[in-house]
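This report concerns only the one structure given below.
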Amino acid sequence: MDRATELRAEFTDAATGRLRFSVTLTDSCLSVRKIGGSPVWQHGHALELGLGDCVGCRACRSEDEADTAAYLSAYFYPVRRSWTGAPAGRQRVEHRFRVLTGEDARANLEEAERWARAVRHRASQRVQGLRDGVEFSRVCVSRSVMVLVNPQSGRGQAMSLYTGPVLSMLTEANISHTLITTEHQNHARELVRNADLSQWSAIVILSGDGLLFEVINGLMEREDWDEAIRTPLGILPGGSGNALAASVHHYTQAGPALGEDLLLSCCFLLCKGLVCPLDIVSVRLSSGPRLFSFLSLAWGFVADVDIESERFRHVGAMRFLVGTLLRLASLRTYQGRLAFLPAREDSKSSSISSSPASHPRSLFCPSVQCISHVQRQNSNQHECTSENTRHNSNSDDFLLSEKLPGNLLSPIGDPVPTDWTIEKEQDFVLVLATCHSHLAEELMVSPDAQPDDGHLHLLYVTAGISRPALLRLFLAMEKGTHLTCECPHLIYRRVRALRLEPITKPGVITVDGEQVEYGPIQAQVHKGYARIICG
Ligand SMILES: Nc1ncnc2c1ncn2[C@@H]1O[C@H](COP(=O)(O)OP(=O)(O)OP(=O)(O)O)[C@@H](O)[C@H]1O
């Protein structure tokens with residue numbers, strides 16, 4: 001450490017002004033050592049407060065006019081440890097000192113402000129520019145942040161979350177923001193479609209994933225969509241699923257966090273204001289409409305549970321458990337065709353089993369054989385690969401698809417390009433493609449996913465799985481260990497694009513948890529096209 005950059009002073013405790021502390025600010029921490037007093041402190045123990053955990057620091061005058069001292073408050077959110085030593089969410093710790101350099105009240109306030117500025121500045125420097133290959137930049141907070149709250153999301157508690165811990169932390173971090181409560185479905189979509197985005201440094205959603213889905217689609221509907229979609233987005237969990245919030249927390253490599261712990265973690269990341277790229281998926285429905293997704297595409301069991309459990313919304317996240325048990329009781333299969341373009345590193349191996357190292361091709365050989373058979377047939381018919389797919393349709397749909405570069409999809413009525421893998425027509429229990437690690441707070445479906453890995457993590461379960469085996473898979477998803485269950489009916493692939501053609505009718509398909517038109521559907525991931533406040 002460079003000693004020249006150290007700040008050192010003697011302050012007293014804010015409550016009584018009697019306890020004296022030697023306070024040192026280095027580049028990495030605020031160190032507090034008690035002068036005299038109890039034995040613990042006398043033995044040279046100093047309290048080391050990591051600046052990486054600090055969201056803000058403020059100076060103020062005393063409310064008592066006769067008191068010439070100033071006060072310095074620093075706000076930390078260190079990770080709590082459980083009795084086993086495992087991380088267990090963040091907790092708020094405020095440290096408040098009395099600053100008294102002399103009888104001049106103005107000089108005392110200036111000294112406290114000098115310290116507050118120095119703490120804030122160094123806390124903002126304690127960030128990593130690069131982690132796991134993901135590059136971070138910082139939100140420019142010179143402008144206000146738009147905070148969108150859906151008062152109806154989850155159990156209807158989003159407003160109280162805002163007026164409680166969220167407002168408190170944003171105030172401590174000195175983040176100026178404007179609260180907008182949504183009044184109806186598609187309100188957020190219309191709002192961001194027409195907003196003057198130059199006024200906002202970020203759009204933060206305190207709600208479930210459904211509201212972010214609206215915001216992303218609203219941004220993509222703008223004339224200046226290319227720039228608009230680069231607006232940093234933030235997510236605070238206020239819904240019942242909170243998949244993106246749980247994923248954003250997971251990417252910090254902290255231990256699991258639920259409920260208010262998850263909210264504090266995401267709000268802390270928001271205050272730190274680091275932005276990383278976020279994959280966006282363009283989804284094309286057979287009748288033409290085009291959607292943009294950031295989270296998931298589901299058909300079969302998962303989609304049914306999502307929609308059927310809407311009526312249990314009042315029980316919050318428990319609705320998924322209730323829905324899963326009910327759907328398990330009436331387990332059904334769904335006939336359809338699935339094709340996908342494997343991710344580049346995946347295309348060498350035929351499929352990724354739940355334990356690739358120990359069983360390189362043990363589990364999924366039947367589908368692999370079928371793939372090569374159908375693919376050969378297909379390649380006889382067309383000499384077109386994904387990389388050189390051309391739009392040979394004049395429909396508006398294809399004009400719209402020009403929005404994002406590198407189209408990998410051919411029109412739904414045409415065969416898929418020759419470098420795609422085609423599964424045989426079969427019965428599925430579920431097909432799920434996700435961009436992120438979590439599908440809900442306690443459902444870690446793709447543990448290795450990253451916000452901008454450029455992959456759709458495709459999981460599908462084929463017919464024949466027993467109810468207990470399917471239940472075991474879902475229970476394993478709580479910790480993300482389902483891929484090591486060696487379940488022969490579970491197949492996991494990393495893909496860049498996919499096409500799903502349901503044969504069973506009627507049925508439910510969801511995109512980011514929202515029900516969409518039932519029928520053939522295609523999706524393609526666009527690496528790092530949007531931006532998310534992550535950490
Ligand atoms: N004031 C409102 N009244 C009714 N619906 C609203 C309102 N504001 C937004 N919506 C709609 O509510 C739907 C669900 O919202 P959201 O996803 O935020 O909560 P959720 O469904 O509880 O959470 P999750 O998606 O995590 O399960 C969205 O489609 C959104 O359009």
Side-chain angles (χ1 to χ4, degrees), residues 146-162 166 179-195 203-221 233-250 257-260 262-263 265-266 281 283 289 291-298 302-324 327 432 434-445 477 508-517 532:
M146 182 196 290
V147 178
L148 287 167
V149 178
N150 171 3
Q152 304 296 331
S153 64
R155 280 179 291 173
Q157 79 289 27
M159 262 323 279
S160 62
L161 296 177
Y162 170 77
V166 173
L179 169 72
I180 301 175
T181 50
T182 56
E183 286 160 15
H184 52 84
Q185 198 170 21
N186 283 324
H187 186 181
R189 191 176 187 145
E190 290 153 16
L191 211 128
V192 300
R193 194 167 50 211
N194 302 314
I203 301 175
V204 171
I205 285 91
L206 169 50
S207 185
D209 300 298
L211 205 65
L212 183 56
F213 175 76
E214 279 193 11
V215 166
I216 285 179
N217 280 280
L219 292 173
M220 291 302 289
E221 284 160 8
L233 303 169
I235 184 86
L236 298 174
S240 41
N242 302 319
L244 184 63
S247 302
V248 160
H249 170 80
H250 175 70
L258 305 173
E260 192 146 330
L262 181 63
L263 179 68
S265 172
C266 291
V281 179
V283 178
L291 304 169
F292 295 94
S293 150
F294 65 96
L295 184 60
S296 64
L297 187 159
V302 172
D304 287 357
V305 168
D306 205 354
I307 299 307
E308 288 164 6
S309 66
E310 282 281 344
R311 62 196 155 117
F312 306 120
R313 180 168 283 279
H314 57 280
V315 297
M318 281 285 285
R319 79 172 163 110
F320 299 113
L321 179 62
V322 177
T324 299
R327 184 60 23 229
L432 172 68
T434 66
C435 289
H436 291 281
S437 59
H438 283 67
L439 200 60
E441 284 183 36
E442 293 184 88
L443 213 54
M444 195 196 303
V445 288
M477 281 181 199
V508 173
I509 294 178
T510 58
V511 172
D512 296 0
E514 306 296 311
Q515 188 165 359
V516 297
E517 169 195 311
I532 182 89

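Please read these numbers as outputs of a predicted model, since none were measured by experiment. In each ligand, atom 1 is the first atom listed, and ligand 1 is the first ligand listed.
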Quiz item: Strictly under 4.0 Å, does any heavy atom of His187 approach an atom of ligand 1?
Solution: no
Quiz item: Leu212 versus Leu295: any side-chain heavy-atom pair under 4.5 Å?
Solution: no
Quiz item: Mind checking whether His249 and His438 have side chains closer than 4.5 Å, heavy atoms only?
Solution: no
Quiz item: Any idea which atoms of ligand 1 are less than 4.0 Å away from a heavy-atom of Thr182?
Solution: 1 (N), 2 (C), 7 (C), 8 (N), 9 (C)
Exercise. Among all protein heavy atoms, pick the one closest to atom 29 (O) of ligand 1 and tell me residue, atom and distance.
Key: Glu514 OE1, 3.5 Å
Quiz prompt | Any N/O pair Gln152/ligand 1 closer than 3.5 Å | solution = no
Exercise. Considering heavy atoms of the protein only, find what lies nearest to atom 18 (O) of ligand 1 and give residue, atom and distance to 0.1 Å.
Key: Ser207 OG, 2.2 Å
Quiz item: Between Phe320 and ligand 1, does any nitrogen or oxygen pair lie at a separation below 3.5 Å?
Solution: no
Quiz item: Which residue and non-hydrogen atom of the protein lie closest to atom 5 (N) of ligand 1, and at what distance in Å?
Solution: Gln185 N, 4.1 Å
Quiz prompt | Heavy-atom nearest neighbour in the protein, as seen from atom 17 (O) of ligand 1, with distance rounded to 0.1 Å | solution = Gly210 N, 2.7 Å
Practice problem: Report yes if some heavy atom in the side chain of Asp512 is under 4.5 Å from a heavy atom in the side chain of Ser296; otherwise report no. | Solution: yes
Self-check item: Polar atom proximity, Gly239 to ligand 1 (N or O, under 3.5 Å)
Solution: no
Self-check item: Short N or O distance, Ser153 and ligand 1, threshold 3.5 Å exclusive
Solution: no
Quiz item: Can you find a heavy atom in the side chain of Leu244 that is under 4.5 Å from one in the side chain of Phe294?
Solution: yes
Self-check item: Which residue and heavy atom of the protein sit nearest atom 11 (C) of ligand 1, plus the separation
Solution: Asn150 ND2, 3.9 Å
Quiz item: Can you find a heavy atom in the side chain of Leu236 that is under 4.5 Å from one in the side chain of Val147?
Solution: no
Exercise. Would you mind checking which non-hydrogen protein atom is closest to atom 21 (O) of ligand 1, with the distance to 0.1 Å?
Key: Arg313 NH2, 3.0 Å
Exercise. Any chance you could measure Leu179, atom CG, to Met159, atom CE, to the nearest 0.5 Å?
Key: 5.0 Å
Self-check item: Gln152 side, atom CD; Thr181 side, atom OG1 - distance, nearest 0.5 Å
Solution: 10.0 Å
Quiz item: Counting distance only, does the side-chain N/O of Arg319 pair as donor-acceptor with the main-chain N or O of Asp306 below 3.5 Å?
Solution: yes
Quiz item: So which protein heavy atom does atom 24 (P) of ligand 1 come closest to, and at what separation?
Solution: Gly241 N, 3.5 Å
Practice problem: To the nearest 0.5 Å, tell me how far Asn242 CG sits from Ile235 CD1. | Solution: 7.0 Å
Exercise. Specify the protein heavy atom at minimum distance from atom 30 (C) of ligand 1: its residue, its atom name, and the distance to 0.1 Å.
Key: Glu214 OE2, 3.3 Å
Practice problem: Output yes when the distance from some N or O of ligand 1 to some N or O of Pro151 is under 3.5 Å, and no in every other case. | Solution: no
Quiz item: Judged by non-hydrogen atoms, does Glu441 sit under 4.0 Å from ligand 1?
Solution: no
Quiz item: Are the side chains of Glu190 and His184 in touch, meaning some heavy atoms are under 4.5 Å apart?
Solution: yes
